[in-house]
Amino acid sequence: MVDYRIDDLARAAGTTVRNVRVYQDRELLPPPRREGRTAIYSDAHLVRLRLIINMLERGYAFAQIKEMIVAWESGRSLGEVLGLEEVVGASWADEEPRAVTVGELRKKFGKQFSPSNIKRSIELGLLERRGRSFVSPSPQLLDAGAELVSLGVPLNEVLDLAEQLQKDIDHVAEILVEVVRKHVLTRPVPSDDEIPYYSDVLQRLRPLVMSALNAAAARSAERVIPGVLGDKLVELLVNTGKPGEAS
DNA sequence: ATTCTTACA
DNA sequence: TGTAAGCA
């Protein structure tokens, strides 16, 4: 474990002793360990200090940085901090696998519920065999698919879509995670006092990726749907769809 | 010699 | 954010 005196810490982070003291007074930096009269900082402090400086450079005010840190420490996800949770709804957080009967699947997919489509769904991980019936690892995905089918999209193409979506999302998620790994989790083997921080980051990675994907998808949908369907059609659909809420 | 606190600009 | 005085 590497210790720093205040001067070492300031140098390592590329700031001044004075500023470190200010951040400390403002409670942006956790209280250092005390050895007699002098303050001893750890790598965790350095990581935090770099975060503070980074946010300052990006124009955040002290109060905002503190909010972030408090939220972080109280164990809330970044999504919650940014208020995305309300937009997303709790549904994105976690979903439980659900048992689905053959009868249910028949009802949802009608005569397109064929052995070959079942086989493909299983290959794609959309369904799992449980003896005579099935389990859906992601009921949301299943429902979304069922809705497309009920709208008249052939199940074959829905499965094509699911496969493509899976690949694309995997790719994007990998990029996000890799960026975090590269810039935040910089050590292959964290030191003892970094371990809490690392596990914190890992724990937040999942909700973080989901928030990011959701936000990006929402923006993308707004841009792409009118382009594909044509502005007039969308306008018509929006106005007739929710008469009460249409602006 | 260095750090810490307080205070002022 | 920098600087200074007085202290441990």
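Numbered from 1 within each chain, the chains take letters A, B, ... in sequence-line order.
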Protein-nucleotide distance (A:D8, atom CG; B:dA1, atom P), rounded to Å: 18 Å
A:L126 CG to A:R120 CZ distance, which is reported to the nearest 0.5 Å: 9.5 Å
Length of the line joining A:D25:CG and B:dA7:P, which is rounded to integer Å: 13 Å
Whole-Å distance separating the CZ atom of A:R11 from the C1' atom of B:dT3: 14 Å
A:D7/A:R11 salt bridge by N-O under 4.0 Å criterion: yes
Atom-to-atom span, CD1 of A:I53 to C1' of C:dT1 - whole angstrom: 13 Å
Sugar-phosphate only, base, or nothing, as touched by A:V22 at under 4.0 Å among non-hydrogen atoms: base
Whichever of A:R37 and A:L56 has its nearest DNA chain C nucleotide further upstream toward 5': A:L56
Given C:dT1, B:dT2, B:dT5, the nucleotide with the shortest approach to the side chain of A:R21: B:dT5
Pairing of A:D170 and A:K167 as salt bridge, 4.0 angstrom limit: no
Nearest-angstrom distance from the residue atom CD1 of A:I6 to P of C:dA8: 19 Å
Under 3.5 Å side-chain donor-acceptor pair for A:D168 and A:Q164: yes
Earlier contact from the 5' end, DNA chain B, for A:R34 and A:R18: A:R34
Distance below 4.0 Å between A:R5 side-chain N/O and B:dT2 OP1 or OP2: no
Spacing of A:I6 atom CD1 and A:H45 atom NE2 [to the nearest 0.5 Å]: 10.5 Å
Interatomic distance where CG belongs to A:L9 and P belongs to B:dT2 [whole Å]: 17 Å
Pair partner, B:dT2 [Watson-Crick or wobble, under 3.5 Å]: C:dA8
Whole-Å distance separating the CG atom of A:N19 from the C1' atom of C:dG2: 9 Å
Phosphate-side-chain proximity, A:T38 and B:dC4, N/O vs OP1/OP2 below 4.0 Å: no
